[in-house]
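Numbers restart at 1 for each chain; the letters A, B, ... are given by sequence-line order, proteins then strands. Note that the structure is a prediction, hence the values are computed from the model and not measured.
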Amino acid sequence: MTLNWPLSRKRESLAARAHIISEIRSFFSEGGYLEVETPLRIPAPAPESHIDAIPSLDWYLQTSPEICMKRMLAAGYERLFQISHCWREGERGTLHVPEFTMLEWYRSDSDYLDLMNECESLLRSVAEATGLGYKIGRKGVTVDLEGEWERLTVRDAFVRYGGMSMEKALERDIFDEVMVERIEPYLGFDRPTFIHDYPAERSALARLKADDPSVAERFELYIAGIELANAFSELTDPKEQRRRFLDEREYRQDSGKRVYPLPESFLEELAQLPPSAGIALGVDRLVMLFTGAETIDQVVAFTPEEL
Amino acid sequence: MYTVADLKKGLKITIDGAPYIVTQFEFAKPGKGQALYRTKMKNMITGSTLDRTYRSGETFEPAHLVDRKMQFLYKEDEHYCFMDNETFEQIHVDESAVGDARNYLIDNLPVEVLLFGEKAIGIDVPNFVNLRVTQTDPWVKGDTSGSDSKPATVETGYVLRVPPFIEEGELITIDTRTGEYSTRVKG
């Protein structure tokens, strides 16, 4: 047997990965967060239109720990974080593996703006504590974590880079194409970008903005063209949540996708959820940024193809 | 018929009656949005390029190409000469149609020549090809990390990165789909 050379070459990025994860844990435990582990195999994932769960016997592998973590928030846990594996069927590319590592954190009495600030603190803290530094170099550009981060609404981004209004793109059903082809190439270069206030119909679990209910209090964080995190102020109205789940479920049914049962316990307990905010951050992608990796393959010990 | 799940670098499909080869492929999925398959393709006859983004559910016609089993004979000016294994007929193929396959062409290498009508428009080489290393710097003694690499030139002139323990004169296997080092050939 010869040495598995591609695997042996990952040593440096896997060491950086371990260091980054350990600093994430320190950051949250110092911030008064409780680390939790919720089941990876669940009966009812959130029925989102474009996120496909992988069946496991008669249940599913989680696509995110969101449902369980929000039940904990509703039960009175104020600050929670979890680092866990998530599965999404069919997602494979330079930034995707179908089994990946997600960091999620939730805090009560907070909104999405608080999470933007906390994202900045987390990344700066990891940069400093690991010694990996504030300058992120990828694909020939350098992004500085130290200065002020950009905050740009989705609506402004469509006008500035997309060549059409957000409403027009939605009406013509090319929102995703315009985002990927025209807007993403401009996000998070020079400095990280929070792109925020997504269309209401693209935010199944988020609270709508009080002064403009056509958009939700939701943001994505981009650094060097990589979409790193998705966050929102949580929707706390069980009736509205059920209605949105049914819409998403209908979309899945109509497009021939697998339909999951509704997460009934979650819907029941949602009434107890205090005003709160939650965020999901791709750990593999964070490691890519700090190590300058071109593909996600370089920062996971094994891709599905290597098994 | 292909689906978006078949899309990858090197796939040959028909668009508006012309054969295209996928030269770049990227899976994209903007947050909470749908899966998108971004491709760059090259017209295999004119060489012009095309950017297309596809959604799940879209399908493609394979390119109507004929493969002929041949072997590489020699290179002359801007042409590469191949011989049909059965009829012994020889054909010349333009350098532009040979593409990256030129990195692996050694005498008698079995290949598949792609024909669109009468015209040779591409060369398919085996997935793994053994080539001899003609130049590489010696391994610095004491470096036992096993994690870095060094450049090496092989007999075709192609330069790639290899593990530090590879020495000049050794035979190595290259994965022609990625152009990367695969293993050392023992013996």
Side-chain angles (χ1 to χ4, degrees), chain A residues 1-15 48-52 88-96 154 173-181 183-184 187 195 198-199 201-206 216 218-222 227-232 248 251 255-257 280 282, chain B residues 3-9 22 24-40 50-58 127-128 139 143-150 152 160-166 170-175 177-187:
Chain A
M1 262 316 286
T2 52
L3 178 74
N4 183 340
W5 188 55
L7 179 57
S8 75
R9 289 186 79 189
K10 293 183 186 182
R11 181 188 298 267
E12 206 176 313
S13 48
L14 295 182
E48 296 187 75
S49 296
H50 301 297
I51 297 180
D52 298 333
R88 294 182 180 183
E89 192 176 354
E91 303 196 0
R92 182 71 178 104
T94 52
L95 299 177
H96 294 84
V154 174
D173 188 25
I174 52 169
F175 181 91
D176 291 331
E177 279 86 353
V178 174
M179 183 61 90
V180 164
E181 291 176 359
I183 300 176
E184 282 190 352
L187 300 181
I195 177 167
Y198 274 74
E201 60 264 51
R202 306 243 142 196
S203 317
L205 295 115
R218 173 185 156 211
F219 73 79
E220 298 263 0
L221 168 60
Y222 280 83
E227 181 202 323
L228 183 64
N230 172 61
F232 38 82
E248 300 275 327
Y251 175 92
S255 35
K257 288 166 172 262
Chain B
T3 70
V4 287
D6 298 311
L7 281 173
K8 61 174 186 213
K9 240 169 120 171
V22 176
Q24 270 184 51
F25 167 68
E26 204 176 336
F27 173 81
K29 202 160 185 288
K32 306 277 178 195
Q34 61 194 308
L36 296 174
Y37 302 80
R38 304 185 70 195
T39 60
K40 269 194 202 304
L50 189 64
D51 290 2
R52 287 262 174 106
T53 299
Y54 297 100
R55 291 182 174 187
S56 297
E58 299 200 60
N127 286 344
F128 295 97
W139 185 9
D143 178 4
T144 53
S145 67
S147 63
D148 52 353
S149 64
K150 61 174 186 176
L160 75 167
R161 304 214 50 102
V162 299
F165 54 78
I166 295 294
E170 278 194 282
L171 204 54
I172 60 170
T173 302
I174 299 173
D175 186 332
R177 294 163 298 186
T178 59
E180 287 171 13
Y181 167 88
S182 174
T183 57
R184 168 158 63 171
V185 182
K186 284 281 165 64

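Heavy atoms closer than 4.5 Å to chain B are found in the side chain of A:E184, but not in its backbone. Only the side chain of A:N230 comes within contact range of chain B, judged by heavy atoms closer than 4.5 Å. Heavy atoms of A:E48 lying under 4.5 Å from chain B belong exclusively to its side chain. In this structure, chain B has a heavy atom under 4.5 Å from the backbone of A:R92, while its side chain stays farther away. When heavy atoms are compared at a cutoff of 4.5 Å, B:V162 approaches chain A solely by way of its backbone atoms N, CA, C and O.
Residue A:I51 is tested with A:E248, A:R88, A:E89, A:K257 for a side-chain contact (heavy atoms from CB on, under 4.5 Å); the sole match is A:R88.
Other residues, nucleotides and ligands contribute only 12 or fewer heavy atoms inside 6.0 Å of the NZ atom of B:K40.
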| request: Go through the steps for B:Y37 and B:E58 under the test side chain to side chain contact (heavy atoms under 4.5 Å, CB included), then give the verdict. | output: CA-CA 10 Å; B:Y37 302 80; B:E58 299 200 60; over 6 Å; no
Donor-acceptor pairs under 3.5 Å, side chain of residues 24-31 of chain B to any protein atom, not counting sequence neighbours: which ones?
{"from": "B:K29", "atom 1": "NZ", "to": "A:H50", "atom 2": "O", "distance (Å)": "2.5"}
{"from": "B:K29", "atom 1": "NZ", "to": "A:E91", "atom 2": "OE2", "distance (Å)": "3.0"}

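With rounding to the nearest 0.5 Å, the separation of CD in B:E180 from CG in B:D175 is 8.0 Å.
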